[in-house]
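Single-structure report; data block below.
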Amino acid sequence: MSRNIPEKPALEGLEAKWGAYWEEAGTYRFDRTRTRAEIFSIDTPPPTVSGSLHMGSVFGYVQTDAHARYRRMAGKEVFYPMGWDDNGLPTERRVQNYYGVKCDPSLPYDPDFTPPTEPPSPHLPISRRNFVELCHILTAEDEQVFENIWRSLGLSVDWTQTYATIDPHSQRTSQQAFLNNLIRGEAYSQEAPVLWDIDFQTAVAQAELEDRERPAAYHKVAFARPDGSPLYIESTRPELIISCVALVAHPDDERYQDLFGKTVTSPLFGVELPIRSHHLADPEKGTGIAMVCTFGDTTDVTWWRELDLPMRAVIQRDGRFLQTTPGWLEGKGAETYPQIAGLYPNQVQRKMIELLKESGDLEGEPRPITHPVKFYEQGDRPLEIVTSRQWFIRNGGRDDALRKEFLERGEALRWVPDFMGVRYRHWVEGLTGDWLISRQRFFGVAIPLWYPVLEDGSTDHENPIVPLDEQLPVDPSSHVPDGYEESQRGRPGGFVGDPDIMDTWATSSLTPQIAGHWIDDSDLWTRVFPMDIRPQGPEIIRTWLFSTTVRSHFEHGVLPWRTATINGWILDPDRKKMSKSKGNVVTPEDLMTEHSPEAVRYWACNGRPGTDTALDEGVIKIGRRLAIKILNAARFALGFTEEDLDRSHISEALDTSMLAGLAGVVAQATEAFEDYDYARALEITERSFWEWTDDYLELVKTRAYEDGPEASSAHASLQLALGIYLRLFAPFLPFVTEEVWSWWREGSIHRNPWPKGSEIGDVAGQPEVIDVASRVLTAVRRAKSDARVSMKVDVSRLEITADTLTIERLRRAESDLLAAARAIGIQYREGPFEVTVELATDTG
RNA sequence: GGGCGAUUAGCUCAGUUGGCUAGAGCACUGCCCUUACAAGGCAGGGGUCGGCGGUUCGAGUCCGUCAUCGCCCACCA
């Protein structure tokens with residue numbers, strides 16, 4: 001076989017060359033004829049396609065790809081799909097900002113609509129259908145950009161197995177799973193207070209909350225006791241006095257014992273309110289007695305529910321106070337209300353402070369504090385609590401038996417690293433309610449239901465009309481349920497479609513079912529499910545990982561995967577090194593262009609599983625150097641003969657010693673990979689490889705340039721070792737290893753078997769021989785370095801003091817050692833290890 | 001306020017079940033254009049393993065505690 005080894009091998013161009021080859025040859029195409037036992041399936045995280053890809057994503061995806069490549073070489077058929085998470089609010093936000101539009105569902109569809117060339121301000125209102133069309137256009141563009149990056153990085157994804165969470169198949173899967181949940185009673189709708197974002201005007205789930213420290217102030221407000229004397233409460237939200245339904249204090253709080261069961265009257269509005277006791281009231285906060293409002297916070301909801309209090313809601317879905325005077329106000333209160341009608345809460349607060357000062361019910365000045373306030377994680381204003389009808393899926397938050405089942409699922413899952421399982425447990429233990437899946441938004445999977453409209457014009461939410469399976473995916477706002485006609489929409493005796501969509505997690509919790517084609521390809525499904533691994537980030541354990549577990553538990557009664565591999569967090573480099581002032585935000589594309597994709601992969605694979613890692617360009621540079629080193633070392637190893645020499649030619653002690661060590665490296669790297677510790681596998685391989693180039697290649701060089709059986713032993717050993725090193729590196733550096741492989745082997749390295757110690761087998765000698773030879777060589781180099789002379793300078797006298805065993809080992813590699821050291825002979829002496837070197841230049 | 005993780009050389013990080021003078025790369029210093037590699041190679045200097053206590057013959061490794069950083073969670077009066 002003729003070898004085509006470039007004179008000056010380089011990394012540039014390898015990615016394009018081999019990316020095209022793999023696509024052409026179908027190297028990573030999934031072979032669905034294989035059985036479940038032969039398959040390794042990966043529940044790939046679908047990245048959110050909203051703008052640009054971050055180094056944090058690169059980190060996790062490359063690590064997963066290293067696993068995939070290892071398993072593929074180790075004999076598994078790898079099911080490695082790729083998805084795009086494109087439905088939901090992130091896309092809506094991006095479309096709004098990118099095109100300068102906003103969705104107004106009341107507008108008619110404009111088939112000739114084209115988005116403005118420059119985003120106008122204020123944003124241009126467009127119909128729901130036009131808006132959704134823009135979402136599809138923009139996500140398609142973003143997905144192409146992402147796919148190009150993944151391909152450049154060399155992810156060994158089967159690009160015929162792709163999905164998007166908004167595509168018809170995902171919608172159908174999502175709707176079918178929801179309907180199954182509904183039929184089994186795992187999904188239900190309820191009119192209840194929910195956390196509400198007044199800008200997006202949608203409900204949000206517990207998993208999407210975050211606390212932000214916000215300035216506020218305690219306002220000491222007087223309520224009137226029956227005898228007219230003041231009872232002070234301290235509140236950060238005096239604007240909610242109007243929606244107060246009770247005051248509450250701790251049952252053991254001595255200050256308020258005589259008031260429990262009595263009533264007080266609210267300032268300004270004169271509403272009579274009961275004083276109740278509840279253990280959640282904190283005697284330490286404020287005056288120890290609190291307003292219960294409908295609703296100021298989630299504790300209010302608890303008090304309202306557990307103390308069976310009335311509802312006096314004033315904040316509407318748009319965040320404004322009611323336009324009309326609420327029915328529970330009369331007299332003075334009703335006269336006061338118009339001053340705050342239609343205002344936002346912060347405006348009402350200012351007005352209330354003014355009014356309370358006038359009436360003398362505000363004691364002293366407001367006392368500034370900062371406190372945590374709940375926000376929707378993508379929102380800009382604090383969440384309010386609004387009562388509305390929403391859909392929920394049970395998750396154990398209101399059912400201890402079910403909660404226990406999910407905790408047990410978490411116990412049964414293998415976590416890499418194991419401490420990540422604690423996050424799951426804490427989340428499930430801390431759930432306070434079921435999973436709210438409905439969203440009052442536009443770009444997402446519709447809730448696939450209609451409701452009967454009764455003769456009195458009201459909607460019957462208790463008896464939803466369910467679509468036929470073959471209707472899915474269904475859009476209730478445009479499709480008509482079986483047995484009805486479009487003309488009956490919204491009419492008494494007719495129907496209405498559920499206007500809401502599902503939260504994006506309600507669909508992405510079904511990624512195994514979507515990628516594995518649960519609803520339309522049971523043959524594929526049984527070959528890939530339950531999946532082997534779920535790789536993902538730590539921050540979405542509470543959302544994606546947990547919700548996937550919930551859906552699989554209900555639908556299939558099993559864990560969706562055996563193992564969850566949780567990657568670490570990328571620390572922001574801006575904080576330390578890269579100067580923001582230069583405005584050079586480093587993207588994956590930049591780093592790949594500058595240092596090569598292999599170098600970026602090397603950096604990612606250097607991060608330990610689950611360990612936070614800084615973005616360090618220094619590490620990337622090392623990766624580049626390693627890749628170039630592989631090219632050059634391979635050129636050397638393969639440069640002596642065109643002949644493929646098998647291991648029967650290997651006879652020299654240095655060679656068999658090197659191979660014995662390599663067999664150990666193979667064993668350790670394999671063990672690390674089986675343990676999902678790709679980083680350790682890389683470290684072990686890399687360290688061994690550098691020793692191989694620094695020491696073995698130098699020791700064997702002179703002999704390799706000669707002729708005869710000793711030279712053949714060197715050539716055969718170099719080929720054998722190189723073939724093994726390349727395959728050990730292949731999961732990390734797929735391009736350069738493929739390139740070198742192609743110089744003298746057939747087929748893709750990535751479809752060749754993972755190396756085994758048996759390839760070296762009985763050729764393995766004593767690993768210590770090369771170790772001691774290397775020690776002596778280092779001592780000789782040090783002597784030359786100290787003498788500030790070239791390594792080519794001859795050694796006139798080389799005396800080695802060592803124990804008997806070491807001397808015996810050195811003798812076996814003596815000729816190689818002499819050649820590498822440029823010495824003519826060695827004098828051995830017994831004793832503690834010492835090397836004495838006299839250089840030819842010493843005597844002049 | 002609670003939980004999890006981290007803290008090892010100037011920087012980025014390894015250190016398996018506690019065990020011989022604590023490792024790597026970058027940076028730094030010196031030498032070498034040696035026919036695989038000068039966007040390289042060889043060699044060298046550099047660390048009270050965050051602090052304080054404890055267990056042990058022996059602690060970077062185990063226990064307690066404190067500090068700092070990161071992430072997650074927490075009932076906004």
Side-chain angles (χ1 to χ4, degrees), chain A residues 5 8-9 209-212 214 216 218-219 233-237 240 244 247-249 280-282 285-293 295-303 369 371-375 382-383 385 417 419-423 425-427 429-430 432 538-539 541-542 568-569 571-573 576-577 603 606-608 610-619 621-622 624-626 628-639 668 671-672 675 677 679-680 683 686-687 690 693-694 697-698 701 705 777-778 780-793 820 822:
Chain A
I5 304 175
K8 193 89 175 157
L209 307 181
E210 67 181 29
D211 286 357
R212 297 182 198 164
R214 281 292 179 273
Y218 277 120
H219 302 80
I233 59 101
E234 283 200 295
S235 174
T236 57
R237 301 199 65 182
L240 291 176
C244 185
L247 299 188
V248 64
L280 283 180
D282 183 353
K285 281 189 183 171
T287 59
I289 189 163
M291 292 197 298
V292 181
C293 305
F295 297 94
D297 62 32
T298 52
T299 315
D300 283 341
V301 178
T302 306
W303 283 328
I369 57 159
H371 65 172
V373 178
K374 280 196 195 309
F375 281 73
L383 292 170
I385 294 174
F419 64 80
M420 290 293 182
V422 177
R423 298 193 183 204
R425 181 159 56 82
H426 287 167
W427 175 253
E429 284 173 350
T432 57
E539 76 284 6
I541 289 173
R542 63 177 179 159
W569 195 258
L571 301 176
D572 188 357
K576 306 198 164 162
K577 282 187 202 157
W603 162 76
N606 242 282
R608 254 57 190 175
T611 300
D612 297 348
T613 306
L615 175 53
D616 181 5
E617 253 187 291
V619 176
K621 287 178 182 168
I622 298 165
R624 179 181 173 83
R625 203 167 63 108
L626 173 64
I628 293 171
K629 189 78 173 177
I630 289 171
L631 289 172
N632 286 311
R635 208 169 83 82
F636 173 80
L638 299 175
Q668 288 181 61
E671 188 189 341
D675 217 23
D677 195 344
R680 193 155 57 89
E683 187 192 20
E686 189 188 4
R687 181 167 46 211
W690 281 105
T693 59
D694 291 349
L697 261 47
E698 292 302 322
K701 186 175 282 180
Y705 276 111
L777 182 61
T778 298
V780 171
R781 283 170 178 161
R782 185 184 300 125
K784 292 179 179 177
S785 189
D786 289 348
R788 304 187 168 193
V789 297
S790 163
M791 293 296 149
K792 279 162 73 175
V793 165
R822 291 175 180 268

Starting at the 5' end of nucleotides 15-20 of chain B, put B wherever the base has a protein heavy atom under 4.0 Å, S where only the sugar-phosphate does, and a dash everywhere else. ------
Would you tabulate the pairs of protein nitrogen or oxygen atoms and nucleotide nitrogen or oxygen atoms of nucleotides 27-30 of chain B closer than 3.5 angstrom?
residue	atom	partner	partner atom	Å
B:G30	N2	A:S785	OG	3.0

Atom pairs under 3.5 Å, N or O on each side, protein against nucleotides 3-5 of chain B: can you list them with distances?
residue	atom	partner	partner atom	Å
B:G3	O2'	A:H426	ND1	2.9

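Counting any heavy atom pair closer than 4.0 Å across all strands shown, A:T778 reaches sugar-phosphate atoms only and no base atom. Contacts of A:D694 with the nucleic acid, taken as non-hydrogen atoms under 4.0 Å apart, involve only primed sugar atoms and P, OP1 or OP2. Residue A:I541 is classed as having no contact, given no heavy-atom separation below 4.0 Å to the nucleic acid. A:I622 comes within 4.0 angstrom of the backbone, heavy atoms only, and of no base. Note on A:E698: a base of the nucleic acid sits closer than 4.0 angstrom, heavy atoms only. No engagement by A:G286 is indicated, since no non-hydrogen atom pair under 4.0 Å with the nucleic acid exists. Backbone-only engagement by A:R625 is indicated by non-hydrogen atom pairs under 4.0 Å involving sugar-phosphate atoms exclusively. Heavy atoms of A:N606 sit nowhere under 4.0 angstrom from any nucleic acid atom. Within the nucleic acid shown, A:A281 comes within 4.0 Å of at least one base atom, counting heavy atoms only.
Using a 4.0 Å cut-off, no side-chain N or O of A:K701 falls inside it from OP1 or OP2 of B:C37. Within the 4.0 Å cut-off from OP1 or OP2 of B:A77, not a single side-chain nitrogen or oxygen of A:H219 is found. Look at A:K621 and you won't find any side-chain N or O under 4.0 angstrom from OP1 or OP2 of B:U12. Distances shown here put a side-chain N or O of A:K285 below 4.0 Å from the OP1 or OP2 atom of B:C76. For A:R781 and B:A43, the shortest distance from a side-chain N or O to OP1 or OP2 is below 4.0 Å.
Taking atom CD on A:E617 and atom P on B:A39, their separation rounds to 19 Å, with Å as the unit. Between A:W603 atom CH2 and B:C26 atom C1' the separation is 17 Å, expressed in whole Å. Atom NZ in A:K8 sits about 8 Å away from atom C1' in B:A38, given to the nearest Å. Atom CZ in A:R237 sits about 8 Å away from atom C1' in B:C76, given to the nearest Å. For A:L383 and B:C76, the CG to P distance is 14 Å, given to the nearest whole Å. If you measure from atom CZ of A:R822 to atom P of B:C32, you get 16 Å, rounded to the nearest angstrom. Rounded to an integer number of Å, the gap from A:K792 NZ to B:C42 P is 17 Å. Atom CE of A:M791 and atom P of B:G44 are 10 Å apart (whole Å).
A search for side-chain contact (heavy atoms from CB on, under 4.5 Å) contacts involving A:D675 returns A:R414, A:R680, not counting sequence neighbours. Not counting sequence neighbours, the partners of A:R781 by the side chain to side chain donor-acceptor pair (under 3.5 Å) test are A:D695. For A:E429, the salt bridge (charged side-chain N to carboxylate O under 4.0 Å, His left out) partners are A:R425, not counting sequence neighbours. With sequence neighbours excluded, no residue satisfies salt bridge (charged side-chain N to carboxylate O under 4.0 Å, His left out) with A:K629. Considering only residues two or more places apart in sequence or on other chains, A:A679 meets the side-chain contact (heavy atoms from CB on, under 4.5 Å) condition with A:R608, A:P609, A:D677. A:K701 is linked by a salt bridge (charged side-chain N to carboxylate O under 4.0 Å, His left out) to A:E698, counting only residues two or more places apart in sequence or in another chain. With sequence neighbours excluded, the residues that form a side-chain contact (heavy atoms from CB on, under 4.5 Å) with A:K792 are A:S790, A:R822. Every residue meeting the side-chain contact (heavy atoms from CB on, under 4.5 Å) condition with A:I628, not counting sequence neighbours, appears here in chain and number order: A:L11, A:R624, A:N632.
Of all heavy-atom pairs between A:C244 and A:M291, the closest is SG-CB, 3.9 Å. Closest non-hydrogen pair, A:R635 versus A:P9, comes out as CD-CD, 3.6 Å. Nearest heavy atoms, A:L697 versus A:A633: CD2-CB, 4.3 Å.
Between A:S790 and A:T693, the residue whose closest nucleotide on RNA chain B is further toward the 5' end is A:S790. Heavy-atom nearest nucleotides on RNA chain B were determined for A:L209 and for A:I385, and the one closer to the 5' end corresponds to A:L209.
B:A27 and B:A67 have their C1' atoms separated by 29 Å, with the value rounded to a whole Å. To the nearest whole angstrom, the two C1' atoms, one in B:U61 and one in B:U17, are 10 Å apart. Spacing of P atoms, B:A74 relative to B:G2, comes out at 15 Å, to the nearest Å.
We find the CG-CG distance between A:L631 and A:L626 to be 10.0 Å, quoted to the nearest 0.5 Å. Interatomic distance, CH2 of A:W303 versus CG of A:D297, reported as 7.0 Å (0.5 Å rounding).
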With both pairing distances under 3.5 angstrom for Watson-Crick or G-U wobble, and | for a partner in another strand, the correct string for RNA chain B is (((((((..((((.....[...)))).(((((.......))))).....(((((..]....))))))))))))....
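In the set B:G40, B:C76, B:C75, B:G40 carries the atom at the smallest distance from any side-chain atom of A:K629.
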